[in-house]
Amino acid sequence: MQFIDLKSQYKRMEGEIQSGINNVLNHGKYIMGPEVIELEKKLSEFVDSKYCVSCASGTDALLMPLMAFDIGPGDAVFTTPFTFIATAEVIQLLGATPIFVDIEKDTFNICPLNLEQKINEVKNNTKLNLRAVIPVCLFGLPSNLVQIEKIATKNNLKLVVDSAQGFGATINDKKSCSFGDVGATSFFPAKPLGCYGDGGAIFTDDESLYKKLISIRVHGKGDDKYDNIRIGINGRLDSIQAAILLTKFKYYAEEIELRNEVATKYIEKLDKKVKTQNIPSGYKSVWAQFSISAENKNLREIIQNKLKENGIPTAVYYPKPLHLQTAFNKLNNNYGDYPISEHTSEKIFSIPMHPYLKDEEIDVIAKIINHC
Ligand SMILES: *Cc1c(COP(=O)(O)O)cnc(C)c1O
C-alpha cells in the first residue's frame, strides 16, 4: 500500500501530462514560458486573489514576502512550533527572531489566545519590533484565520498564511490563501497539488507587494533587467513544472472531494481509541495528511508496528517541535515551553491518505487500528 499514491494519479493523467511536457520541449521557453503565465492566472482565479506569483518552492513562497516586508534583525515573527522547519527557517534566515506560539490540542494549529498572550509578552519584555505572524494550515486544515486576521490588524502585524499543505482549503468557502496580506503554498510532489519537482506560489491583492515580489523573484530586478534595485533571489518556477501543474489542476477540485470522502470514511470507521483532527464547523480541509493521535507514545508505537507488519506505511509529523530542534538553540527555548506541541508530537502519527485510496484499504487500516 502507498502512503501517498502518486503513481495512480499519474496513470490517470499520463497522456495529458506528457503532451504538456512535450509542448514545452518544443517551444523552448523553459523559464517563465506561457505555461507559467497561464498557471498564475488560473490559480489566482481559483484562490480569488488579484495576483499570483509562482515561485521555485514553498520555502521561497514564505521567504519572498518576508523579504518584501524588509523583515530582518530586531524583528519578531510569530509562528507555530508544530510545523515543518521551513515555516520558521525563513524567519531566522533573514536574521529576524521566530517567536513560537503553542497550538490548540484538537486542531493542532496555532492558538489565537496564546498568540495574543505572546504578543503582549514580547511587547512588554523585549525590544523586538513586532512585524508578522505566520499561521500554518497543518495537514490541510486552515488555522483560525478569521481570529488571527483580527489580531494581526489590531497589532499592525503582517499576516502571511503558510498554506503549503492547505492549497484549496477554505473557511466558509473563502480560500486559505486569500486571507491576510499574503498566502503561500508549495507544489512539492507530496503536497495535495504537487508537481514533479519543486514549486510554489504566492497570492496577494496588494499591487505594490505584487510588484516587489516580481522583482525579488528575479534577483531584485528593476524595469531595466541590468539595473537591480534590491537584493532578490532566483525564485522562478520553470515551464515544465507549470505544464504539469496545469494538467493536475484540472482534476484538483475533484481530488479535494475524493480526499474528503476518504477522511469521512476514516472518521466513521476509527473507534475512540485514537483521536482524529478536529475540523471546526465551516472549515474544509484538503487533507494533506490524515493524522491521528494515540493515547500515548507506547500505543502509537504498537499501532505503527502492527500496520507495518501488514504492509501499511505510516509516518510521524512531527516528532520534534521546532523549539526543541538544534537549529533554534540560540532562542533558548526549553522542554516545557510549548506543552501542547510537545505532547502532540509524542502521540501523533499519519496513515495513508490520497484521493485514490480504496474503500477496502480504508477498512483494513481502520480494523487494524481498532484491534490494537
Ligand atoms: C512543505 C512545506 C513548506 C515548504 O515547501 P517546499 O516546497 O518544500 O519548500 C513550508 N511549510 C509547510 C507547512 C510545509 O509543509
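Order of listing sets the numbers, starting from 1, for every ligand and every atom in it. All residue numbers in this chain count up from 1 along the given sequence.
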Cluster companions of Leu63 among Ile, Leu, Val, Met, Phe, Trp, Tyr (side-chain spacing under 4.5 Å): Tyr51, Val53, Leu62, Met64, Leu66, Met67, Phe69, Ile71, Val77, Val90, Ile91, Leu93, Leu94, Ile134, Val160, Val182, Ile202, Leu209, Tyr210, Leu213, Ile214, Ile216, Ile233

Heavy-atom closest contact (Leu159 atom, Gly180 atom, distance): CD2-CA, 3.5 Å

Between ligand 1 and the protein, which N/O pairs fall short of 3.5 Å?
{"residue": "ligand 1", "atom": "5 (O)", "partner": "Ser186", "partner atom": "OG", "Å": "3.4"}
{"residue": "ligand 1", "atom": "7 (O)", "partner": "Gly58", "partner atom": "N", "Å": "2.8"}
{"residue": "ligand 1", "atom": "7 (O)", "partner": "Ser186", "partner atom": "OG", "Å": "2.7"}
{"residue": "ligand 1", "atom": "9 (O)", "partner": "Gly58", "partner atom": "N", "Å": "3.3"}
{"residue": "ligand 1", "atom": "9 (O)", "partner": "Thr59", "partner atom": "N", "Å": "2.8"}
{"residue": "ligand 1", "atom": "9 (O)", "partner": "Thr59", "partner atom": "OG1", "Å": "2.5"}
{"residue": "ligand 1", "atom": "11 (N)", "partner": "Asp162", "partner atom": "OD1", "Å": "3.3"}
{"residue": "ligand 1", "atom": "11 (N)", "partner": "Asp162", "partner atom": "OD2", "Å": "2.8"}
{"residue": "ligand 1", "atom": "15 (O)", "partner": "Gln165", "partner atom": "NE2", "Å": "2.8"}
{"residue": "ligand 1", "atom": "15 (O)", "partner": "Lys191", "partner atom": "NZ", "Å": "2.6"}

Check: residues 189-200 side-chain donor-acceptor pairs under 3.5 Å, at least two apart:
none

Compile the donor-acceptor pairs under 3.5 Å between side chains in residues 315-333 and protein atoms, sequence neighbours left out, one pair per line.
{"residue": "Tyr318", "atom": "OH", "partner": "Gln165", "partner atom": "NE2", "Å": "2.9"}
{"residue": "His323", "atom": "NE2", "partner": "Glu342", "partner atom": "OE2", "Å": "2.7"}
{"residue": "Gln325", "atom": "NE2", "partner": "Lys320", "partner atom": "O", "Å": "2.9"}

Any side-chain donor near an acceptor of the partner, Ser8 and Asp5, under 3.5 Å: yes

Salt bridge present between Glu255 and Lys248 (N-O < 4.0 angstrom): no

